[in-house]
Number of protein chains: 2
Amino acid sequence: MKHGARILVVDDEPQIRRSLQVNLENKDYLVMTAESGEEALDAIASRQPDVVIIDLILPSISGIELTRRIRRHSPVPIIVLSAIGNESKKVEALESGADDYVTKPFGMDELTARIRSALRRTVMVPGTEPVFKSGTLTVNFERREVLLNDRPVKLTPTEYDLLKYMIQYTGKVLTHRTLLTAIWGDAYANQAQYLRVFIGQLRKKIERNTARPQYILTDPGVGYRFAHDPQEPQS
Amino acid sequence: MKHGARILVVDDEPQIRRSLQVNLENKDYLVMTAESGEEALDAIASRQPDVVIIDLILPSISGIELTRRIRRHSPVPIIVLSAIGNESKKVEALESGADDYVTKPFGMDELTARIRSALRRTVMVPGTEPVFKSGTLTVNFERREVLLNDRPVKLTPTEYDLLKYMIQYTGKVLTHRTLLTAIWGDAYANQAQYLRVFIGQLRKKIERNTARPQYILTDPGVGYRFAHDPQEPQS
DNA sequence: CAATCTTTATGAAGTTTTTATGCAATACTG
DNA sequence: CAGTATTGCATAAAAACTTCATAAAGATTG
């Protein structure tokens, strides 16, 4: 019997654990479960999952605290489940190191899409791969060169830094705060408007249709992410 | 009197220095000498040789250690001289960043062949001559000579060093800091104005239209790059 | 003293920041 | 539950600021 990726589900509600387990095993994943943060930390240490799914509401250790603790010693991709109306917790979790989120109630298709994306986030250590390619977009970090359909695209320093940062974390949801502090510094953490302006300029330069971006996706109320699979322009 | 490439000879034995100097000057190279690693590092920083020849056996700083230190900040081709029976040092030197070696005793023909080969390699253009060509511009690194439409162009030493450095990294964006430390030294890393002046002079000498440079392109806020494919003047 | 390098000055070009506006999605309210 | 207010996003454009190109004067070097 051959299994796909190993997934750890952390939730205190037995029926959700059960439901996820059944559904994900149908998709050929190997599923393990934990009902508390402590159990989860043990399982991560001993059983090396490839992805961890965490319900934000947990007894004792909260999902956010659990995320933070996992990140202290493991880079495993983390997807958090947040109940609707829990937006601030979701952002907090992302800033604590989570990679992505799914809002309850959610469909299995959505979750499995996120899982697939998370699995592809093979730690892109900056410096290992000097050339990034996706669809018609090529970025040569060695040369500091951006090509679209083999034509050079001129980016300003800030635009380039922003694009580079996002590509480095392809697939991961990057909150406004995260991006602002990374590119502009701590003092600018609340200048979300800067971000909109520069994201807008980047899209104008690299997206075919800025109204339906393929690469730089908006996560409303949260931030932006660089798409793993450039969305095909839909009919 | 016009000189070819600049060669730095590093050896502690005066008669070898003298012999190499005379022989290489006969071949029309400009030869400078250093008798210790410290002197050599100074000379590389201040006088920008095109090739460095290092005797592996030196007092104080060894040839290998010297090679390593040079490589920390300069891509200048290094040829090491190893006495027979010193094979292991030779390998170590190559691993530390040397480009080639010559085993003593050696004939002048062999050494000059290695020098020519090293000079050729700096341009990374596989060909018979250590010459770079692009469009109407020709740079002969062996003779330290620049031609535009087959007419010689007079460059000052700094202009030449800058052009050569940029050609060595054709296509790659070189930041102000990179160029300044490479050509002028660490202490000048922030003198971006020098760079503008010299880039301006170079453009005046090699560009058809300095307002639309074909070769030396500006990346605003970042630095300069030597064009990969010289832009055709557009209508 | 002649060539080269370094400095200074200035207008032009380019970039970032700020402000303004419309739109769309969500939340509020009677 | 329709209509209205609010909030966040996208975009454009003006203003402020920074960097660039160039000329030319001053200093240095051999």
Side-chain angles (χ1 to χ4, degrees), chain A residues 84-88 90-91 103 144 153-163 173-177 179-180 183-185 187-225, chain B residues 1-3 30 32 45-48 144 146 153-163 173-177 179-180 183-185 187-225:
Chain A
I84 197 163
N86 232 339
E87 317 293 304
S88 71
K90 184 172 74 183
V91 173
T103 304
R144 200 185 187 285
V153 177
K154 272 185 67 172
L155 298 186
T156 70
T158 309
E159 288 163 11
Y160 179 83
D161 291 344
L162 182 57
L163 178 63
V173 177
L174 302 164
T175 67
H176 300 131
R177 170 174 294 269
L179 288 167
L180 285 160
I183 308 300
W184 282 268
Y188 297 79
N190 299 314
Q191 300 291 324
Q193 185 57 17
Y194 282 25
L195 212 42
R196 296 197 189 101
V197 170
F198 278 84
I199 292 282
Q201 286 171 349
L202 267 182
R203 281 181 173 151
K204 222 185 303 184
K205 292 184 180 181
I206 69 172
E207 297 284 3
R208 193 196 314 239
N209 173 1
T210 59
R212 292 182 174 280
Q214 301 177 248
Y215 296 111
I216 301 177
L217 310 182
T218 303
D219 273 84
V222 183
Y224 298 91
R225 79 171 89 198
Chain B
M1 175 63 194
K2 230 172 129 194
H3 284 293
L30 190 157
M32 36 203 164
S46 62
R47 309 194 53 202
Q48 305 281 335
R144 230 167 195 280
V146 178
V153 177
K154 267 190 70 172
L155 297 186
T156 70
T158 308
E159 287 163 11
Y160 178 83
D161 292 341
L162 182 57
L163 178 62
V173 176
L174 302 165
T175 64
H176 302 129
R177 171 170 295 269
L179 289 167
L180 285 160
I183 309 300
W184 282 269
Y188 297 78
N190 299 314
Q191 300 292 321
Q193 187 57 20
Y194 280 26
L195 209 44
R196 296 195 189 105
V197 171
F198 278 84
I199 292 283
Q201 286 169 349
L202 268 181
R203 281 180 173 154
K204 224 185 300 184
K205 292 184 180 180
I206 69 172
E207 297 284 4
R208 193 194 313 240
N209 173 1
T210 58
R212 291 182 172 279
Q214 301 177 249
Y215 297 112
I216 301 177
L217 310 181
T218 303
D219 270 78
V222 185
Y224 297 91
R225 82 170 93 195

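The figures here come from the full heavy-atom set of this structure, side chains too, leaving out hydrogens, waters and symmetry mates. We name chains A, B, ... by the order of the sequence lines, and we start the count at 1 in each one.
B:Tyr188 and B:Tyr194 have tilted rings, their planes meeting at an angle from 30° to 60° on a 0 to 90° scale.
A search for ring pair (Phe, Tyr, Trp, His ring centres under 6.0 Å) contacts involving A:Tyr224 returns A:His176, not counting sequence neighbours.
Here chain A contacts DNA chain D (any atom closer than 4.0 Å to a heavy atom, that is under 4.0 Å), and the contacts span D:dG8 to D:dA12 from 5' to 3'.
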key: Audit row: A:Leu195, A:Ile183, side chain to side chain contact (heavy atoms under 4.5 Å, CB included) steps and yes/no   = CA-CA 10 Å; A:Leu195 212 42; A:Ile183 308 300; over 6 Å; no
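The backbone N or O of A:Thr156 sits less than 3.5 Å from a side-chain atom of A:Glu159, completing a donor-acceptor pair. Put simply, the side chain of B:Glu207 gets close to the backbone of B:Tyr215: a donor and an acceptor are under 3.5 Å apart.
If you measure from atom CG of B:Asn190 to atom P of C:dT6, you get 15 Å, rounded to the nearest angstrom. Between the CD1 atom of B:Ile183 and the C1' atom of C:dT4 there is a distance of 16 Å, given to the nearest Å.
Looking at A:Thr175 and A:Arg225, their side chains never bring a donor and an acceptor atom within 3.5 Å of each other.
For the atom pair CG of B:Leu202 and OG1 of B:Thr210, the computed distance is 12.5 Å after rounding to the nearest 0.5 Å.
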remark   = With sugar-phosphate taken as primed atoms, P, OP1 and OP2 and all else as base, the protein-contact string of nucleotides 7-21 of chain C at under 4.0 Å (heavy atoms; B, S, -) is BBB----SSSBBBB-
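The residues B:Arg47 and B:Asp161 are annotated as not salt-bridged, no charged nitrogen and carboxylate oxygen being separated by less than 4.0 angstrom.
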